[in-house]
Amino acid sequence: MEEEKPKSSPGPSVIKAALPLTSHPYRDKPPPNQAPRRSRGDPPHPRSQVLLHVLFEHAVGYALLALKEVEEISLLLPQVEECVLSLGKFHNIVRLVAFCPFSSSQRALENANAVSEGIVHEDLRLLLETYLPSKKKKVLLGVGDPKIGAAIQEELGYNCQTGGVVAEILRGVRVHFHNLVKGLTDVSACKAQLGLGHSYSRAKVKFNVNRVDNMIIQSISLLDQLDKDINTFSMRVREWYGYHFPELVKIVNDNATYCRIAQFIGNRRELSEEKLEQLEELTMDGAKAKAILDASRSSMGMDISAIDLINIESFSSRVVSLSEYRQSLHTYLRSKMSQVAPSLSALIGEAVGARLIAHAGSLTNLAKYPASTVQILGAEKALFRALKTRGNTPKYGLIFHSTFIGRAAAKNKGRISRYLANKCSIASRIDCFSEIPTSVFGEKLREQVEERLSFYETGEIPRKNVDVMKEAMVQAEEAAAEIARKLEKQEKKRLKKEKKRLAALALASSGNSSSTPEECEETQEKPKKKKKQKAQEVPQENGMEDPPVCLPKPKKKRSFSKEELVSSDLEETAGCSTSLPKRKKSSPKVETPTDADPEEASSRSVPKKKRKFYSKEEPVSSGPEEAASSKTTKKKRKFQKTPQED
């Protein structure tokens, strides 16, 4: 009966009872090279004290779990697989030690990227150092990914285990995780997994916008397809229009130019000397234009109907538009290659470099290839045919289209192709892994290939690669510094524009609220200007009567001008020409003392205040009162001038 119990119930207590009968072959005597068996009262064996912990990474956070009775579980793996399915039995085997949730989705994405790359994140380091025992030799940590296990063992010193029982335990934790952690439901866990999956895949797919090689692959493929289509269509135009004007084929060789001329001429009988200048513009050659005109007069072609000419002209216009688009696409490809792979394009050209990137699948794949693969890239059929027939393997693939192999002699084509493939591999790696792309290295590598070509022809020894790369490093640092300065200037300009835009938006949003105080400020500034103008006009009128008073002493001028300002204020108050806030602003000017005697200043200040008080209470006065007030001001003005003259 005791032997059947482990099969029916694989719980921990049953596993303990089943161990002496099923698991150990040496029941009666100890195995060789091992100590005798312990009795029930003996202290535990050191091996049984090793604790097995399991690290589980979830979208919500990290979980650290401890397993009960490590040796027994490791000996009965099929029973562990059965325990994973039921929650009650799984709780008897595994207990949750610690759970470290992520603070935000961005933090979860950082931890997911670190785990996938085999890097120990700060959160994971803090969890393991906090909750694992301090004696690292007595701890065995089970992880699912061997990369992160190797990183933990290297940095923290814990022994890590993957596969076997750990994989089954992690499968059970994944199934019952929402029951192990309090406050976590199955729905919230699924939502967190979905969100983290989207952000993780989006971050993996996302590249630098300026250095995306997918655009190069598509553009070079489209460029090759356009070349084939333009050749096919232009051949069709030549055959179609050749029935009407067969001599034009021998005169004009270029396909795009032939289509433009066929579209321009139309019916050859209508071609005259008036159109000769336009023909010269199309052909870029006066002799060819003259030959076309002469051939049209003595052509052996058949006559053509109007509807046929319309179809030929429409088709030739399509071919011309395709050739123009092909030129614009080529310029676009050159600009993208200068951004993505400047060194490779400077070394071997934009078209050949783009074909290498397209054939490899990406710039990263091309950088991973060895130079021997880059050399025969594009000649796979010839390579496998040569291997099958045991013939000569190809010397070059796509790099045959570069100018270096064409310039080399027949006996040196293999050597220069091998050397060029080596330099292409170096240039692609520099372009792929450099932060700031520059064409300095490509130009230096091109110089090396030129020197190697001259070495094959003349025997002149080229420079060493170490010296050339040192020069390239110095120039590359200067170029990178200059590019960094340009980027900083662009960033500053962008920030200034952004500040201006935000300020404009703030003004527009607070336009209704700030309109009233602005109007008040304008109304307050305008009367000040009027007062200054009046103050300038008054001394000019009085200066004719008393010229010696105003000129010799500047202090008297100041007092005179202030008195005039006071008198002008009084006249304005008497005439009710100004509003109340204007009188308030003129009040400090009235209270300021002049250069005259203090008694006079005190005698002046009292009636002025009274008048202002009356003006506030009764802003509108009658006619005779205004006349009386003006007379009194004139008398006082004369009375004040007499002591100053003395």
Side-chain angles (χ1 to χ4, degrees), residues 202-227 324-369 374 377-378 398-399 401-404 420-449 468-469 471-495 497-498:
R202 193 180 300 115
K204 286 293 182 184
V205 173
K206 188 177 180 181
F207 295 104
N208 188 0
V209 179
N210 297 322
R211 301 189 66 184
V212 177
D213 50 1
N214 294 326
M215 306 304 170
I216 291 174
I217 296 170
Q218 297 297 327
S219 59
I220 192 62
S221 302
L222 181 57
L223 199 66
D224 293 338
Q225 188 66 37
L226 278 175
D227 288 335
E324 291 175 355
Y325 174 65
R326 195 257 179 207
Q327 292 179 356
S328 64
L329 186 65
H330 185 67
T331 56
Y332 165 75
L333 179 64
R334 290 180 64 184
S335 64
K336 291 300 290 183
M337 282 294 292
S338 63
Q339 293 176 358
V340 177
S343 297
L344 187 63
S345 59
L347 172 62
I348 203 170
E350 291 85 5
V352 182
R355 286 190 179 92
L356 287 174
I357 292 171
H359 200 82
S362 66
L363 182 61
T364 308
N365 292 342
L366 183 64
K368 291 176 182 178
Y369 285 163
V374 175
L377 204 64
L398 290 171
I399 60 174
H401 298 285
S402 66
T403 58
F404 298 110
L420 181 61
N422 187 10
K423 298 304 175 186
C424 287
S425 179
I426 294 172
S428 62
R429 289 165 191 172
I430 290 170
D431 290 331
C432 182
F433 301 110
S434 62
E435 295 180 359
I436 300 175
T438 58
S439 60
V440 176
F441 292 99
E443 293 171 358
K444 292 294 180 182
L445 293 171
R446 188 180 181 88
E447 290 177 4
Q448 281 186 294
V449 179
V468 176
M469 287 297 109
E471 294 178 5
M473 285 293 293
V474 174
Q475 294 182 9
E477 288 177 358
E478 295 176 357
E482 188 176 355
I483 291 170
R485 282 191 223 103
K486 289 181 180 179
L487 291 175
E488 286 179 1
K489 287 182 180 179
Q490 291 178 0
E491 187 67 19
K492 286 180 181 178
K493 288 181 181 179
R494 189 186 64 79
L495 290 174
K497 288 181 181 179
E498 189 69 19

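Reckoned from all heavy atoms, side chains included, excluding hydrogens, waters and symmetry mates. Note that the structure is predicted; figures quoted are calculated from it, not measured.
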Nearest heavy-atom neighbours spanning [X] and [Y]:
X	Y	answer
Tyr332	Met215	OH-CB, 3.5 Å
Pro437	Gln339	CG-O, 3.7 Å
Ala479	Thr438	CB-CG2, 4.0 Å
Ser328	Thr331	O-OG1, 2.5 Å
Leu445	Ala427	CD1-CB, 3.8 Å
Arg355	Leu398	O-CD1, 3.7 Å

* To do: Flag yes if more than 12 heavy atoms outside Met469 fall under 6.0 Å of its CE atom; otherwise flag no.
  => yes

Would you call [X] and [Y] a side-chain contact if the rule is heavy atoms closer than 4.5 Å?
X	Y	answer
Leu329	Ser219	yes
Arg485	Glu482	yes
Leu356	Ile399	yes
Asp213	Leu366	no
Pro342	Asp431	yes
Tyr325	Leu222	yes
Phe441	Gln475	no
Val468	Glu447	no

Quick one: pull up [atom1] in [X] and [atom2] in [Y] and give me the separation to the nearest 0.5 Å.
X	Y	atom1	atom2	value
Leu363	Asn214	CG	CG	11.0 Å
Gln327	Leu223	CD	CG	11.0 Å
His330	Ile220	NE2	CD1	8.5 Å
Arg446	Ser402	CZ	OG	8.5 Å
Leu333	Ser345	CG	OG	9.5 Å
Ile483	Lys486	CD1	NZ	7.0 Å

* Asked: Are the charged groups of Glu491 and Arg494 less than 4.0 angstrom apart, N to O?
  -> yes

* Asked: Can you check side chain to side chain donor-acceptor pair (under 3.5 Å) on Ser338 and Arg334, steps first, answer last?
  -> CA-CA 6 Å; Ser338 63; Arg334 290 180 64 184; over 6 Å; no

* Reference residue Val474; test side-chain contact (heavy atoms from CB on, under 4.5 Å); the match among Glu471, Glu478, Glu477 -> Glu478

* Could you go through the side chain to side chain contact (heavy atoms under 4.5 Å, CB included) check for Met337 and Ile357 one step at a time? => CA-CA 10 Å; Met337 282 294 292; Ile357 292 171; 4.2 Å; yes

* Kindly say whether Cys424 contributes a backbone atom to a donor-acceptor pair with the side chain of Ser428 at under 3.5 angstrom? =>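 Side chain of Ser428 to backbone of Cys424: a pair is present.
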
* Asked: Is it true that a side-chain atom of Ser362 and a backbone atom of Asn365 form a donor plus acceptor pair closer than 3.5 Å?
  -> yes

